[in-house]
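In what follows, a structure is listed as structure tokens, so that the remarks can point back to it.
Here is how names work: the chains are called A, B, and so on, in the same order as the sequence lines, proteins then strands, and each is numbered from 1.
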Protein chains: 2
Amino acid sequence: MSIRDVAEQVGVSIATVSRAFNAPDQVAPETRRRVMQAATQLGYVPNSSAQTLRRQFSKVLGVVLPTLLNPVFAECLDGIAQMAAANGYSIVPMTTDYQLAGEEAAVNRLLAYSVDGMILVVSNPQTSQELVKLQARSLPYVLLYNRHADHPCVSVDCEGAMGQLIHRLAGMGHSRIAMVSGQLAASDRSQQRYRGYVTGMRECGLDAYDLVEVPFMDAVVSRLAQFLGAARRPSALVCSNDLLAIRCLRAAHVAGLEVPRDLTVVGFDGIELGRDLTPVLSTIAQPNREIGRRGVQLIVQALGKGRALDPAASLTLSHEFHEGESCAPAAS
Amino acid sequence: MSIRDVAEQVGVSIATVSRAFNAPDQVAPETRRRVMQAATQLGYVPNSSAQTLRRQFSKVLGVVLPTLLNPVFAECLDGIAQMAAANGYSIVPMTTDYQLAGEEAAVNRLLAYSVDGMILVVSNPQTSQELVKLQARSLPYVLLYNRHADHPCVSVDCEGAMGQLIHRLAGMGHSRIAMVSGQLAASDRSQQRYRGYVTGMRECGLDAYDLVEVPFMDAVVSRLAQFLGAARRPSALVCSNDLLAIRCLRAAHVAGLEVPRDLTVVGFDGIELGRDLTPVLSTIAQPNREIGRRGVQLIVQALGKGRALDPAASLTLSHEFHEGESCAPAAS
DNA sequence: TTGTAGGCGTTATCAG
DNA sequence: CTGATAACGCCTACAA
């Protein structure tokens, strides 16, 4: 079912068929009509491997994300898909499961696919070998959520945001504020948020708790419930992401605490689901779809001009504190 | 950065380079070593467009899903990804947003990519033009969640499951049981679940409510809260999916009802998040990852033998009622 | 307006 | 064990 079959069926050369698709105005209306008809009748679809080989671009953008099980990334991908479609690009999303090996596999596969550009969320921009690989080929790429001076990034100032949050909670009378995060090593975002926590606590003259690091999502509730049952438990929990915050809500319940009366819980990300929970999840909301859209925009724009993308093109989008219902002044 | 560059660098023919990758034992150990070294040094990655063109397969499976914003599909995709990787296949997921146009676009694009097989969740297998397109090419495909006698499917008997659920609720003393669903036309699953509801109600000698159809996720909570505030409100709500059920939980709260004391809510899907909510979401759980895995297995197996996939190969996996905490006997 | 032909990067066949 | 070469399906000068 190649261009040949169509050409034969219509009784024209393959060049004419090709033109009917790619330069319709260069072919006689009647011929074009017959070509298109034969094409639909035969179910002909131009083979994009052949196209990519011949043209030297694919109109495909690769997307590398940690996981789609976290709605943050699903929402972001939604934004990416929108903006990509609007610009005539397809996307090929790949998932790393927060593994370095996954990042390498994804990037390599995407390179093999001859994607025109790449949008990625990596675990550590600083040390990522994949990024140098992209640079070496001067393949346009942009990082999402990650923040690093040497790479083009679209992100939110999460360190600052977390600092502000601590100030806000302190202002509400909280002094025993603990932070919960996933595996710190797997995400520079978590690290930045943690830094913001530490800094914020210091600025407020409060003692920072040891970070509560919960590597595996499954054991997390019991682990947290135990923490909340201990003496000198915190009066507020800030979480490095919303999914974790939701688990904290559950853990509080398991530990016999009522949110927000006995415990304030604040997440980070602003996933849509959080707005429909009870209590409505308080969170530092990032514009996830917008992050995706702007990432695509940058790439498309770089593709339009020459090559590569300047780190100076990085964007810091603004976050927003969603008050929610899981947040209240400290009991006095 | 093609095979030529590597060949040149090493001083061998491109054939040898190709062999070093595809038939390592047909090339002298020393030569192979040099080739591989040059390859990594130059950052050479075999171009899969060229490979796909030359071989007549791509080792890629296309995946067509309604959305990734619903964790059901994200979890399923996770299973697909696992099993695909285990069998040496890549996947290219595409999203339709529950639109027919989206299904067509996705299928066409995947065909253009020369995927070896396709795994899809469509809105209506009965009338889908895309499926006949696949059949016409005898491209192996399998439907997930959909159920239809003429197509190979991996699914759960959701009509039966919903019927059982009604019986169970009736057994708990509920008689005013209403059903909530998204846009019915967009999903044969919802239709089947609704049929199960109607049948179940009839069997139990109960009056079925008019279906509460909430097309748009955003207005859903207020819409539902209003419904729950009306006279002769139901004592139990069964939902066509978990995401909706979560909104029902919220709506109940907004309407001043306490779950499960004043209202029982049961979802459908068994998304993982439901287990960490308060109240823990009662639901008819489907083995989402397993559905994905088995779908891939069927395709791979079909690919192994000749072609196509017999509808008789369809699998009905078993569901499981998760009791949760959002479910209680009717107040008497 | 249409046709011819070269080549995109690979693999596989056939010689050597 | 290695090399030369013909496709794979398509696009695009260049001719006609």
Rounded off to whole Å, could you give me the [atom1]-to-[atom2] distance for the [X] and [N] pair?
{"X": "B:Met1", "N": "C:dG9", "atom1": "CE", "atom2": "P", "result": "11 Å"}
{"X": "B:Ile3", "N": "D:dT5", "atom1": "CD1", "atom2": "C1'", "result": "14 Å"}
{"X": "B:Phe57", "N": "C:dT10", "atom1": "CZ", "atom2": "P", "result": "15 Å"}
{"X": "B:Asn22", "N": "C:dG9", "atom1": "CG", "atom2": "P", "result": "17 Å"}
{"X": "B:Arg54", "N": "D:dG9", "atom1": "CZ", "atom2": "C1'", "result": "13 Å"}
{"X": "A:Gln26", "N": "C:dT2", "atom1": "CD", "atom2": "P", "result": "11 Å"}

* For DNA chain D, the residues among residues 29-52 of chain A that have a non-hydrogen atom under 4.0 Å from it ->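 Output list: A:Tyr44, A:Pro46, A:Asn47, A:Ala50, A:Gln51.
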* Asked: Which residues in residues 6-18 of chain B have at least one heavy atom lying under 4.0 Å from any atom of DNA chain D?
  ->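 Listed by number, they are B:Val12, B:Ser13, B:Ala15, B:Thr16.
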Any side-chain to backbone donor/acceptor pair from [X] onto [Y]? Under 3.5 Å, distance only.
{"X": "B:Thr52", "Y": "B:Ser48", "result": "yes"}
{"X": "B:Thr40", "Y": "B:Gln37", "result": "yes"}
{"X": "A:His151", "Y": "A:Cys153", "result": "no"}
{"X": "B:Asn124", "Y": "B:Gln126", "result": "yes"}
{"X": "A:Asn108", "Y": "A:Ala105", "result": "no"}
{"X": "B:Ser114", "Y": "B:Ser58", "result": "no"}

* Asked: Between B:Phe21 and A:Leu53, which is nearer to the 5' end of DNA chain C once each is assigned its nearest nucleotide?
  ->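 That would be A:Leu53.
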* Does B:Arg137 CZ have over 12 foreign heavy atoms under 6.0 Å away? ->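 Check passes, neighbour count above 12.
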* Hey, which of these two, B:Ala28 or B:Gln56, hits DNA chain D nearer its 5' end, going by closest nucleotide? ->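 By nearest-heavy-atom nucleotide position, the 5'-most residue is B:Ala28.
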* To do: Specify the angle, to 10°, made by the local axes at the two ends of the helix from C:dT1-D:dA16 to C:dG16-D:dC1 when five pairs are taken at each end.
  =>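 It works out to 40° between the end axes.
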* Asked: Taking only N and O in the side chain of B:Arg55, is any of them less than 4.0 Å away from OP1 or OP2 of C:dT11?
  ->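 Affirmative; the distance criterion is met.
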* **Check: A:Arg19 side chain, C:dG3 base, donor-acceptor under 3.5 Å** =>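 It does, because a donor-acceptor pair links the side chain of A:Arg19 to the base of C:dG3 below 3.5 Å.
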* Measure across B:Leu317 and B:Val156 and return the closest heavy-atom pair with its distance rounded to 0.1 Å. =>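 Nearest pair, atom of B:Leu317 first, then B:Val156: O-CG2, 3.2 Å.
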* Asked: Ion pair present between B:Glu103 and B:Lys133, side-chain N to carboxylate O less than 4.0 angstrom?
  ->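 Salt bridge: no.
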* To do: Decide yes or no for A:Ile299 and A:Tyr89: does some side-chain heavy atom of the first lie under 4.5 Å from some side-chain heavy atom of the second?
  =>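 With C-beta onward as the side chain, the pair stays apart.
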* Pick out which of B:Leu61, B:Ile291, B:Ile91 makes a side-chain contact (heavy atoms from CB on, under 4.5 Å) with B:Ile80. =>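 Filter result, single survivor: B:Ile91.
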